[in-house]
Amino acid sequence: MGDEDLNSAIEQLCNSKAEEFHLIGYEHVTGKEIWECVSEKYSKTGQPELHQIVNDILSLKVTKFMNFMTLSAFRGNHF
């Protein structure tokens, strides 16, 4: 799998997770925000294997995502 295919697959997963959040009432979540939340820890540990990335995206809970967004707002990274 090439880098372009890998990036496309990850983007689709993030968009799918954002759509899942839309279904439970979080209409303004984007796939990009999902990726920023999931990939934040990769800056410290390096990018893991593909299966770990997929697991991190699909197992992301709303509470963890909202904590990330709140901390980002306090740091001035969003909004």
Side-chain angles (χ1 to χ4, degrees):
M1 183 178 260
D3 284 346
E4 188 174 310
D5 293 334
L6 180 62
N7 289 338
S8 176
I10 291 172
E11 183 178 355
Q12 289 176 358
L13 279 172
C14 290
N15 289 335
S16 175
K17 192 62 170 184
E19 289 174 14
E20 179 184 325
F21 284 6
H22 294 175
L23 292 174
I24 57 175
Y26 295 90
E27 294 88 15
H28 300 289
V29 176
T30 66
K32 182 178 182 217
E33 292 170 334
I34 297 289
W35 177 245
E36 289 173 3
C37 177
V38 169
S39 65
E40 178 183 40
K41 68 180 178 180
Y42 302 156
S43 63
K44 298 173 188 168
T45 61
Q47 188 164 335
E49 297 292 325
L50 178 59
H51 65 88
Q52 184 63 47
I53 295 171
V54 170
N55 182 60
D56 290 346
I57 293 169
L58 295 180
S59 65
L60 180 64
K61 304 289 185 221
V62 172
T63 52
K64 181 177 179 178
F65 177 75
M66 293 308 293
N67 286 340
F68 167 78
M69 293 300 287
T70 301
L71 288 173
S72 294
F74 283 132
R75 291 181 191 136
N77 295 341
H78 287 287
F79 313 109

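Taking 4.5 Å as the limit, every side-chain heavy atom of Trp35 sits out of range of all side-chain heavy atoms of Glu11. Annotation: side chain of Met66 is in contact with side chain of Tyr26 (closest heavy-atom distance under 4.5 Å).
Using a distance-only test at 3.5 Å, with no hydrogens or angles considered, a donor-acceptor pair links the side chain of Lys17 to the main chain of Leu60. The main-chain N or O of Tyr42 is never found under 3.5 Å from a side-chain atom of Ser39 such that the two would form a donor-acceptor pair. At least one donor-acceptor pair closer than 3.5 Å links the side chain of His22 to the backbone N or O of Val29.
Put simply, Leu6 and Val38 are part of the same group of oily side chains (I, L, V, M, F, W, Y) that touch within less than 4.5 Å, one to the next. With hydrophobic clusters built from ILVMFWY side chains whose heavy atoms lie under 4.5 angstrom apart, Ile57 shares a cluster with Ile24.
Annotation: side-chain hydrogen bond (donor to acceptor under 3.5 Å, both in side chains) contacts involving residues 44-55, sequence neighbours excluded, comprise Gln52-Asp56.
Taken from CZ in Phe21 to NE2 in His28, the straight-line distance is 15.0 Å, to the nearest 0.5 Å. Considering CD1 of Ile34 and CG of Leu58, their distance stands at 10.5 Å, rounded to 0.5 Å.
By the salt bridge (charged side-chain N to carboxylate O under 4.0 Å, His left out) test, Glu40 is found to be paired with Arg75, residues two or more places apart in sequence or in another chain being considered.
Partner of Met69 under the side-chain contact (heavy atoms from CB on, under 4.5 Å) criterion, chosen from Lys64, Glu33, Glu36: Glu33.
Summarising the geometry of Cys14 relative to Gly31, their closest heavy-atom pair is CB-O, 3.4 Å, with the distance given to 0.1 Å.
Annotation for Asp3: atom CG does not count as buried by contact number, only 12 or fewer foreign heavy atoms lying within 6.0 Å.
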